[in-house]
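The basis for the numbers below is simple: all heavy atoms, side chains too, and nothing from hydrogens, waters or symmetry mates. Numbers restart at 1 for each chain; the letters A, B, ... are given by sequence-line order, proteins then strands.
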2 protein chains.
Amino acid sequence: MAGNSAESGITVASRVLALLGSFDPEHRALTLSEMARRAGLSLPTAHRLVSELVDWGAVVRRSSGKYVIGRRLWDLGLLSPTQSGLRQVASPFLHDIYGATLATVHLAVRDELDVLYLDRLSGHASVPVVSQIGSRLPLHATGVGKVLLAYAPEDVQTAVLSDLTRITPYTITQPGLLRDQLRRVHREGYATTVEEMSLGACSVAVPIRASNGQVVAALGIVVPTLKRDRARLVAALQVAAQGVGRSLGV
Amino acid sequence: MAGNSAESGITVASRVLALLGSFDPEHRALTLSEMARRAGLSLPTAHRLVSELVDWGAVVRRSSGKYVIGRRLWDLGLLSPTQSGLRQVASPFLHDIYGATLATVHLAVRDELDVLYLDRLSGHASVPVVSQIGSRLPLHATGVGKVLLAYAPEDVQTAVLSDLTRITPYTITQPGLLRDQLRRVHREGYATTVEEMSLGACSVAVPIRASNGQVVAALGIVVPTLKRDRARLVAALQVAAQGVGRSLGV
DNA sequence: GACTTGTCTTCCACTGAACGAAAGGGTCGC
DNA sequence: GCGACCCTTTCGTTCAGTGGAAGACAAGTC
């Protein structure tokens, strides 16, 4: 998880970015002192920079004593063409799947050694899942992750296989076993997990291919149990994935 | 639309922000020179700052010769608690509405003198609409806009009413007429538009109230025509809006 | 009441990071 | 060949940014 920053970087820009980087999904609201500490800056410096971020157009905002990410950054992020473009194209197909399965539906891409969730669609009665839009989870313990890993470059695969953290008792931690599964993903065109990420949740996922055949994302669902209807779920997913791929242009 | 920047601000932070601000929904991919020009910076300065943004964790990214907003900024923006929190709570209810109406569904808040779209949900066969998640539209020409305007402070209302830009031949540009409609929103609990934003599109919208009664957002749908079933649409929206409000906590 | 511990904010003298002019390369199209 | 775009690098000057120290306020604790 997390964990870059690294290189000192004595530039102002890097300090600004360090300040913004002090926010993460578990720390969405921070006091000035917390931000300064997490960013490794002196308090006066943090104060000045944060004030500029506030004065400008709501990049960060004060909310009941703490600082939070503001609207301006929210909509700036939405301009990211790859994330938002894919999301927008895929959106109607996600609803199709949701309509057909009533399961939690995920659209995800690989970001380095993690799954990055681009979209999540869940109803009132869906299985509780840990994923959130914008959050990252390990590649080896999720359905979409296994798909993305199966089509990832060799060096990514070896890197992931060399560090299979256990999350539940059912998480696959043996490299050989996982490699077998990845091969099967290639053969059968879909991946599954059974309580490997969270107890009581199973998942099925398929790749989304651009017109050139390249796997650019994955589409998956989370269900309470993988009963007999696995074939039906896979079929629904594949129809949607092909639809997304065709709409992608590239 | 748009349009702050204003105050020069000779600080580095402001330059970084100016560079990021050179992106907008119509300019999602820019060359270095374009960014420098739009941000009012010299080319070497822009080059250095942008390089830092790239070197750090993909705040911006090069994509086929141009620069685009990167993943890091995308997920930073998603940490914004107000936007994402509301979105997440409302999401299942949006699907309910979609299921009941098959129309394009909108979740929006007011941002200064504009509607800011937090979420949009549309199917394959929905009416084409201009809104995008993260985009802004005028308050006076959209269904959700009228709702948000009706519950906005007096000074916001007068500001908006004093500048009613015409968008289609049916856009309401007479302050008196719009004020009447706003009063009706209070009375009847919903707002409508008929081709006021784009030809061939009508809309219905209702307010979302937090537990304290405050209107915090609006929920709306876009349909081809407002036939007899207006009452049914309003009912579906109100059920969902109450559901969101109850789930909101505050 | 005074004392601790936590916020955030302001001041100010020193210094080194950021600036832009100018020049070096790359790649198009004509 | 030329011109018109891009992007990148170098380098000396200068001014913006830095952190120590101290002030201001609020919430506990004794």
Side-chain angles (χ1 to χ4, degrees), chain A residues 4-24 26-70 73 79 81-82, chain B residues 4-24 26-70 73 79-81:
Chain A
N4 44 6
S5 77
E7 291 320 317
S8 49
I10 357 65
T11 100
V12 177
S14 75
R15 291 177 220 252
V16 172
L17 297 174
L19 277 174
L20 293 178
S22 62
F23 291 97
D24 67 40
E26 280 81 45
H27 300 87
R28 291 163 182 256
L30 299 168
T31 66
L32 182 60
S33 332
E34 284 170 333
M35 292 181 71
R37 212 174 305 134
R38 292 167 65 88
L41 299 179
S42 77
L43 222 144
T45 302
H47 176 254
R48 187 166 17 83
L49 292 178
V50 169
S51 301
E52 290 186 43
L53 294 178
V54 173
D55 289 346
W56 208 64
V59 172
V60 306
R61 192 169 58 82
R62 287 200 84 156
S63 168
S64 50
K66 298 198 165 194
Y67 288 95
V68 296
I69 298 283
L73 209 51
L79 295 178
T82 42
Chain B
N4 43 5
S5 76
E7 289 323 316
S8 50
I10 357 65
T11 100
V12 177
S14 75
R15 291 178 221 251
V16 172
L17 297 174
L19 276 174
L20 292 179
S22 64
F23 291 97
D24 66 40
E26 280 80 43
H27 301 86
R28 290 163 182 256
L30 298 169
T31 67
L32 183 59
S33 332
E34 285 170 332
M35 291 181 72
R37 212 174 305 134
R38 292 167 65 87
L41 299 179
S42 78
L43 220 144
T45 302
H47 176 255
R48 186 166 14 86
L49 292 179
V50 169
S51 301
E52 290 186 43
L53 294 178
V54 173
D55 290 346
W56 208 65
V59 173
V60 306
R61 192 169 57 82
R62 286 199 86 156
S63 168
S64 50
K66 297 199 166 194
Y67 288 95
V68 297
I69 297 284
L73 209 52
L79 295 177
S80 170

Report each atom pair, protein N/O against N/O of nucleotides 23-29 of chain D, whose distance is under 3.5 angstrom.
none

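- The list of salt bridge (Lys or Arg N to Asp or Glu O under 4.0 Å) pairs with a residue in residues 27-43 of chain A, not counting sequence neighbours, reads D24(A)-R38(A).
- Overall bending of the helix from dC8(C)-dG23(D) to dA23(C)-dT8(D), expressed as the angle between end axes built from five pairs apiece, is 60° (10° steps).
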Atom pairs, N/O to N/O, protein against nucleotides 14-17 of chain D, distance under 3.5 Å?
| residue | atom | partner | partner atom | Å |
| --- | --- | --- | --- | --- |
| dG17(D) | OP1 | V12(B) | N | 2.6 |

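- Sorted by first then second residue, the salt bridge (Lys or Arg N to Asp or Glu O under 4.0 Å) pairs that include residues 55-67 of chain B, not counting sequence neighbours, number zero.
- L53(B) CG to S14(A) OG: the interatomic distance, rounded to the nearest 0.5 Å, is 10.5 Å.
- With contacts defined as side-chain heavy-atom distances shorter than 4.5 Å, the pair V68(B)/T82(A) does not qualify.
- For the pair L73(B) and L79(A), the minimum side-chain heavy-atom distance is 4.5 Å or more.
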- Where along nucleotides 25-30 of chain C does protein come under 4.0 Å, by heavy atom, of base (B) or sugar-phosphate alone (S), with - for untouched nucleotides? ------
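- Side-chain contact between Y67(B) and T31(B): absent, with no pair of heavy atoms (C-beta onward) separated by less than 4.5 Å.
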- Determine, for nucleotides 4-10 of chain C in 5'-to-3' order, which nucleotides have protein heavy atoms under 4.0 Å from the base (write B), from only the sugar-phosphate (write S), or from neither (write -). ---SSBB
Between side-chain atoms of residues 40-48 of chain B and protein atoms elsewhere (two or more places apart, or another chain), which donor-acceptor pairs fall under 3.5 Å?
| residue | atom | partner | partner atom | Å |
| --- | --- | --- | --- | --- |
| S42(B) | OG | T45(B) | N | 3.4 |
| S42(B) | OG | T45(B) | OG1 | 2.9 |

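- Checked against side-chain contact (heavy atoms from CB on, under 4.5 Å), A13(B) has the following partners two or more places apart in sequence or in another chain: V16(A), L49(A), E52(A), T11(B).
- The closest side-chain heavy-atom distance from V59(A) to L17(B) is below 4.5 Å.
- In this structure dG1(D) sits in a base pair with dC30(C), meeting the Watson-Crick or G-U test at under 3.5 Å.
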